Protein chains: 2
Amino acid sequence: MYAPSEAARRSGFSLDTLRYYEKIGLLSDIGRTSGGRRVFTDEDLSWLVLFRCLRDTGMPIAEMCRYAELARAGEHTAGERRALLERHAARVEEQMQLLQRQYDHLREKIRFYDRLG
Amino acid sequence: MYAPSEAARRSGFSLDTLRYYEKIGLLSDIGRTSGGRRVFTDEDLSWLVLFRCLRDTGMPIAEMCRYAELARAGEHTAGERRALLERHAARVEEQMQLLQRQYDHLREKIRFYDRLG
DNA sequence: TTTCAACCTGGAGCGCGCTCCAGGTCAAGC
DNA sequence: GCTTGACCTGGAGCGCGCTCCAGGTTGAAA
């Protein structure tokens, strides 16, 4: 059981972002204290870790929502969820290749300056 | 000498983006026909290729402007330009490492689904 | 000569993903 | 009991990087 600030610290999302994610339905059924404050469980945290992974790899929020919806819909969506992640992973591979290519260009440009000075 | 549409095609930027880059001073001294149409030279194109590289690796436009300014200021800014690119390259390295790490997580998640089905 | 796609300008608008704010509530420590 | 900092809500605002639009001009081909 984690307070909002602790969940934020552990996930790397800001408090505002956690609230925002709940508001748009990416997070759901976040527990509350009697006083109305959010309580994050380990399971919530593991969702946040997944979201962190997906965001860091460039998945749009709308697609994460889709994934979360599928997961909520039950076991029978496992195949579709897998496919969604697989498509995303393929895009990430392309992204990594592009990044590597452009990084190489960048390094070459820097070497050009090195030869000057 | 390239027409705008050809420069767009070769650089991968849209016509609107090329105009935007000129407007904000990222591109400067783009030639014009007597009728007022832009004419891109090979040198302009090589700038665009560099901008493509920097954008693809996540450099903010403001920083590309700074780089372009330095280049316009003359030879004596070469060191500063090199340093700017070097700092950027270091950030790109971190970005690549993060991306790789999160890609690995993603692949692991997908393997989890594979074991289910 | 006419046509029409490509181009021009200035400026508004947009999509994304937060981020901030006002005004109020809660709860742990003194 | 009071203070104080963490938290709450609804909604507005923002920064970035374009993207689109209206209304007009250009110039090569038919």
Side-chain angles (χ1 to χ4, degrees), chain A residues 1-41 44-45 47-48 50-68 88 91 95 98-99 102, chain B residues 1-41 44-45 47-48 50-68 88 91 95 98-99 102:
Chain A
M1 300 301 215
Y2 310 99
S5 59
E6 182 64 13
R9 200 187 59 74
R10 293 194 181 225
S11 66
F13 291 114
S14 73
L15 288 170
D16 269 321
T17 297
L18 294 181
R19 288 193 274 259
Y20 168 68
Y21 281 1
E22 189 183 4
K23 179 151 49 177
I24 63 174
L26 186 53
L27 293 171
S28 65
D29 301 319
I30 299 298
R32 297 294 179 124
T33 66
S34 58
R37 300 181 171 205
R38 290 178 183 78
V39 179
F40 293 82
T41 64
D44 296 330
L45 256 288
W47 272 102
L48 289 176
L50 176 60
F51 293 152
R52 173 92 289 168
C53 166
L54 297 178
R55 288 296 298 129
D56 283 348
T57 51
M59 182 182 283
I61 284 183
E63 203 168 331
M64 304 198 322
C65 285
R66 172 75 183 140
Y67 180 89
H88 178 59
R91 285 196 307 267
Q95 186 191 342
L98 174 61
L99 194 53
Q102 297 291 38
Chain B
M1 301 301 217
Y2 309 97
S5 58
E6 183 65 13
R9 200 186 61 73
R10 293 195 182 222
S11 66
F13 292 113
S14 73
L15 287 172
D16 269 320
T17 297
L18 294 182
R19 287 193 274 258
Y20 169 67
Y21 282 180
E22 188 182 4
K23 180 151 47 179
I24 64 175
L26 185 53
L27 293 171
S28 65
D29 300 320
I30 300 297
R32 298 292 179 126
T33 66
S34 58
R37 299 180 171 204
R38 289 177 184 79
V39 179
F40 293 84
T41 64
D44 295 331
L45 256 289
W47 271 103
L48 289 175
L50 176 60
F51 293 153
R52 173 92 286 164
C53 167
L54 298 177
R55 288 296 300 129
D56 283 347
T57 51
M59 182 182 283
I61 284 181
E63 203 169 331
M64 303 198 322
C65 285
R66 172 77 183 137
Y67 180 88
H88 178 58
R91 287 197 306 267
Q95 187 191 341
L98 174 61
L99 195 54
Q102 298 292 37

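Just so it is clear, the structure is predicted and the values come from calculations on it, not from any experiment.
Between the CD atom of A/Glu22 and the P atom of C/dC18 there is a distance of 16 Å, rounded to whole Å. Note: CG (A/Leu26) to C1' (C/dC18) measures 13 Å, nearest angstrom. Rounded to whole Å, atom C1' of C/dC16 lies 14 Å from atom CD of A/Glu63. The distance from atom CD1 of B/Ile24 to atom C1' of D/dG15 is 14 Å, rounded to the nearest whole Å. Per the geometry, CZ belonging to B/Phe40 stands 12 Å off C1' belonging to C/dC8, to the nearest Å. In this structure, the CG atom of A/Leu18 is 14 Å from the C1' atom of C/dG17, given to the nearest Å. Counting to the nearest Å, the P atom of D/dC7 and the CZ atom of A/Arg9 are 12 Å from each other. Here the C1' atom of nucleotide C/dC18 and the CG atom of A/Leu27 are 14 Å apart, to the nearest Å.
Residue B/Ile24 holds its CD1 atom at 7.0 Å from CE of B/Met64, rounded to the nearest 0.5 Å. Atom NZ of A/Lys23 and atom CG of A/Asp16 lie 8.5 Å apart (nearest 0.5 Å).
At least one side-chain heavy atom of A/Arg52 sits less than 4.5 Å from a side-chain heavy atom of B/Gln102. In this structure the side chain of B/Phe51 never reaches within 4.5 angstrom of the side chain of B/Ile61, judged on heavy atoms. A/Ile30 has its side chain out of reach of A/Val39: every pair of non-hydrogen atoms, C-beta onward, lies at least 4.5 Å apart. The side-chain heavy atoms of A/Arg32 and A/Arg38, taken from C-beta on, include a pair separated by under 4.5 Å. Side-chain contact between B/Ser11 and B/Thr17: absent, with no pair of heavy atoms (C-beta onward) separated by less than 4.5 Å.
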Show the distances under 3.5 angstrom between N or O atoms of the protein and N or O atoms of nucleotides 20-23 of chain D.
residue : atom : partner : partner atom : Å
D/dC20  : N4   : B/Asp16 : OD1          : 3.2

Using nucleotides 4-6 of chain C, report all nitrogen or oxygen pairs with the protein that are shorter than 3.5 Å.
residue : atom : partner : partner atom : Å
C/dA6   : N3   : B/Arg37 : NH2          : 2.9

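A/Arg66 has no carboxylate O lying under 4.0 Å from a charged side-chain N of A/Glu63, or vice versa, which leaves the two without a salt bridge. Ion pair A/Arg19/A/Glu22 not flagged as a salt bridge, since none of the NZ, NE, NH1 or NH2 atoms sits closer than 4.0 Å to an Asp/Glu carboxylate oxygen.
Distance from the side chain of A/Arg38 is smallest to D/dC8 among D/dC8, D/dC7, C/dC18. Relative to the side chain of B/Ser14, the nucleotides D/dT19, D/dG11, C/dG17 differ in distance, and D/dT19 lies closest. Out of C/dT9, D/dC18, C/dC18, the shortest distance to the side chain of B/Tyr20 is found at D/dC18.
When each of A/Arg32 and B/Lys23 is assigned the nucleotide of DNA chain D bearing its nearest heavy atom, the one mapping closer to the 5' terminus is A/Arg32. Take the nearest nucleotide of DNA chain C for B/Glu6 and for A/Ala62: the residue whose nucleotide is more 5' is B/Glu6.
Within the 4.0 Å cut-off from OP1 or OP2 of C/dG17, not a single side-chain nitrogen or oxygen of A/Tyr21 is found. In this structure, A/Thr17 reaches the C/dT19 phosphate: one of its side-chain N or O atoms is under 4.0 Å from OP1 or OP2.
Listed by chain and residue number, B/Asp44 satisfy the side-chain hydrogen bond (donor to acceptor under 3.5 Å, both in side chains) test with B/Thr41 (two or more places apart in sequence, or in another chain).
No engagement by B/Phe13 is indicated, since no non-hydrogen atom pair under 4.0 Å with the nucleic acid exists.
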